[in-house]
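First comes the structure, then the notes that go with it.
Quick note: numbers below take in every heavy atom, side chains included, and nothing from hydrogens, waters or symmetry partners. Note that ligands are numbered from 1 as they come in the structure, with each ligand's atoms numbered from 1 the same way.
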Amino acid sequence: MSLSYVSTRGKAPTLAFADVLLEGLATDGGLYVPEQWPALSTATATGTPTRSANPPPGQTYVDIATEVMWPFVNGQIDREAFEQLTAEAYSTFDHPDVAPLVPLDEDGGLWLMELFHGPTLAFKDIALQLVGRLFDYELARRGERVTIVGATSGDTGSAAIEACRDRDSLDIFVLHPRGRVSEVQRRQMTTVPSANVHNIALDGSFDDCQDLVKAMFADEAFRGRHRLAAVNSINFARVMAQIVYYVVAARALAGSDADRPVGFAVPTGNFGNVYAGYAAHRMGLDVSQFVVGSNVNDILTRFFDSARLEIRQVMPTMSPSMDIQVSSNLERLLFELNGRDGAATAALLDGFRAAGEAELPPGPAAGLAPLWSGARVDEAQTLEVIGDTYDRTGMMIDPHTAVGVGAAAAARRDPEVPLVVLATAHPAKFPDAVAQACGRRPALPERLADLGERPERCVELDNDLVAVQRFVAAHTRVGGDR
Ligand SMILES: *Cc1c(COP(=O)(O)O)cnc(C)c1O
């Protein structure tokens, strides 16, 4: 029997995994979540946080990934095919452990889990390398094709392009604001030579890019003709793939003591990463604390302090993937805090949209304090953390990761419980901030060393819906003009 998925707003039809994968957003505007949380296997699992060349049987990253994700997809995909897609997805990573744990201090209390060894050097690869393959598999099975359209301020675009490149059932169009993404980020998108990849440098801001993508989806004739689809962070399949590394970290640190709790500190933007940790917790993982790290765009810090959501202007920072005011995946946590009451969740979010502020009632708000804390790390503190980490350990960390490390230091509750900070980007992805703090420039991994010399492919377009639609129609293989 397949697991059913329900909408956080309670009014959309219940779907099975394959439809949730391809649909993304629910028809009532909500997000899909499993009808109940599957339980993690309780088999005592041992591992070591060292770089072991011979992990215990059943305990490689791919083994744990298959075990943890299987209940979510069971009945929707053949077991052998799923194992193969998972193995392929993580074979693209540079590190044999996929997501290695490295110590941040001497007494084994504070750890860094490096999630940035994938093709584009940010944690989004962990989900998207699998989700691109799942899309392709399901579309091939149905004999269908789609056109993926997305907007990016940097990291998501390259991760989505790497996930979709050369896949028969997909064409991908990514809009980025011209001149407003870093050179490394732009080149990671524009130097991919695949025929099904199309980069659009838009004469406008990131918000303009996002508005155009929304407008294309809202144009029902256009959307239907070209079968538009998205691989954005509200897709439950992305959450599912991210649950895995929380389990991997906890098992490695527990050693033979399967009951040992662990805490996580997560630099957060859209709340997708840390929400996956919460999902692992609901599946039975013993997590004592989640520290939600924010830069000066600190709506979440204020929320975890006061149970109030209050929107403010977005400010640009050196951790741009966290320059967000409305974290879409927070809706999934609000749904749980509301006792899975879709109508109450819809009312809260509608009120927030309309007024720019909302307050969680006292009952649901009582669920926050035991597990959650928020911490804000400003720009000066971010540089200080990067510099201090380099001085103490010789390791360079990127500004997003630094927000996680700074938040961990500020909000950690129990020094006896190991705390894992999730490292979300490779330092060479944000070399200017790192060089400013460390006095040395981080180097790109070998395979990307010549990124600066590779030929770029990108079209420049005006901030004009008709021009962008014309370009997409002329270049997609789905219902296109050719
Ligand atoms: C996307 C991203 C984040 C934020 O992750 P969310 O899931 O949106 O909370 C943090 N750091 C980096 C480097 C990212 O690319």
Side-chain angles (χ1 to χ4, degrees), residues 31 99 112-129 131 150-163 176 181-182 184-185 188-189 206 210 231-243 245-246 264-280 290-295 297-301 303-304 314 317-333 372 374-375 377 382 385-386 396-407 421-431 433-434 442:
L31 311 187
L112 204 61
M113 188 174 223
E114 296 180 349
L115 303 179
F116 54 70
H117 292 284
T120 73
L121 309 179
F123 95 98
K124 293 187 174 64
D125 289 327
I126 293 196
L128 284 169
Q129 281 298 309
V131 170
T152 187
S153 57
D155 287 344
T156 311
S158 56
I161 285 171
E162 281 295 337
H176 71 262
V181 299
S182 81
V184 173
Q185 288 178 321
Q188 282 186 314
M189 296 190 281
F206 170 60
Q210 232 170 2
V231 289
N232 49 23
S233 86
I234 50 100
N235 198 307
F236 187 80
R238 280 180 65 172
V239 172
M240 170 186 84
Q242 292 169 180
I243 295 171
Y245 47 78
Y246 288 90
F264 290 94
V266 188
T268 305
N270 244 331
F271 207 73
N273 193 352
V274 69
Y275 171 75
Y278 175 77
F290 288 109
V291 180
V292 177
S294 301
N295 61 26
N297 298 294
D298 62 353
I299 184 171
L300 289 173
T301 313
F303 174 71
F304 287 110
V314 179
T317 70
M318 61 184 104
S319 46
S321 297
M322 297 158 55
D323 293 346
I324 286 173
Q325 277 297 332
V326 182
S327 305
S328 29
N329 280 291
L330 187 67
E331 176 162 345
R332 290 185 159 116
L333 176 63
W372 298 92
V377 180
T382 302
V385 169
I386 299 173
M396 295 199 237
I397 57 173
D398 101 287
H400 302 78
T401 305
V403 167
V405 173
V421 182
L422 298 184
T424 52
H426 190 287
K429 217 163 172 177
F430 300 93
V434 176

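Within the listing of ligand 1, atoms 1 (C), 2 (C), 4 (C), 12 (C), 14 (C), 15 (O) sit less than 4.0 angstrom from a heavy atom of Ser321. Residue-ligand proximity, Ala425 to ligand 1, at heavy-atom distances under 4.0 Å covers atoms 13 (C). Proximity to Gly272 (heavy-atom distance under 4.0 Å) selects the following atoms of ligand 1: 6 (P), 7 (O), 9 (O). Close approach of ligand 1 to Thr268 (heavy-atom distance below 4.0 Å) involves ligand atoms 9 (O).
Geometrically, ligand 1 and Met322 share no nitrogen or oxygen pair separated by less than 3.5 Å. Among the atoms of Phe271, some N or O lies under 3.5 angstrom from an N or O of ligand 1. For a threshold of 3.5 Å applied to N or O pairs, the pair formed by His400 and ligand 1 contains no separation below that value. Where the criterion is an N or O separation shorter than 3.5 Å, residue side chain and backbone included, Phe123 fails it with respect to ligand 1. Where the criterion is an N or O separation shorter than 3.5 Å, residue side chain and backbone included, Asp155 meets it with respect to ligand 1. Any N or O atom pair closer than 3.5 Å counts here, and Asp398 shares no such pair with ligand 1.
At least one donor-acceptor pair under 3.5 Å links the side chain of Thr401 to the backbone N or O of Thr424.
With rounding to the nearest 0.5 Å, the separation of NE2 in His426 from CD1 in Ile397 is 13.0 Å. The distance from the CZ atom of Phe304 to the OG atom of Ser294 is 8.5 Å, given to the nearest 0.5 Å. Put simply, OG1 on Thr382 and CG on Asp398 are 10.0 Å apart, with the number rounded to the nearest 0.5 Å.
Remark: minimum distance from atom 6 (P) of ligand 1 to any protein heavy atom is reached at Asn270 N, 3.5 Å. Here the heavy atom of the protein found nearest to atom 11 (N) of ligand 1 is Thr424 OG1, 2.8 Å. Of the protein's heavy atoms, Asn273 N, 2.9 Å lies nearest to atom 7 (O) of ligand 1. Of the protein's non-hydrogen atoms, the one nearest atom 9 (O) of ligand 1 is Gly269 N, 2.8 Å.
Phe290 and Tyr246 have perpendicular rings, their planes meeting at more than 60° on a 0 to 90° scale where under 30° would count as parallel.
Counting heavy atoms from C-beta on, the side chains of Phe303 and Leu330 come closer than 4.5 Å.
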Could you walk me through whether Asn273 and Phe264 pass the side-chain contact (heavy atoms from CB on, under 4.5 Å) check?
CA-CA 11 Å; Asn273 193 352; Phe264 290 94; over 6 Å; no
Residues Leu333, Trp372; criterion side-chain contact (heavy atoms from CB on, under 4.5 Å); working and verdict:
CA-CA 11 Å; Leu333 176 63; Trp372 298 92; 3.8 Å; yes
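Within the 4.0 Å heavy-atom cutoff, Tyr275 does not count among the residues contacting ligand 1.
Residues Asn329 and Arg332 have side chains that bring a donor and an acceptor to within less than 3.5 angstrom of each other.
Of the heavy atoms in Lys124, only side-chain atoms (C-beta onward) come closer than 4.0 Å to ligand 1.
Considering all non-hydrogen atoms of both residues, Asp323 and Asn297 come closest at OD1-ND2, 3.1 Å.
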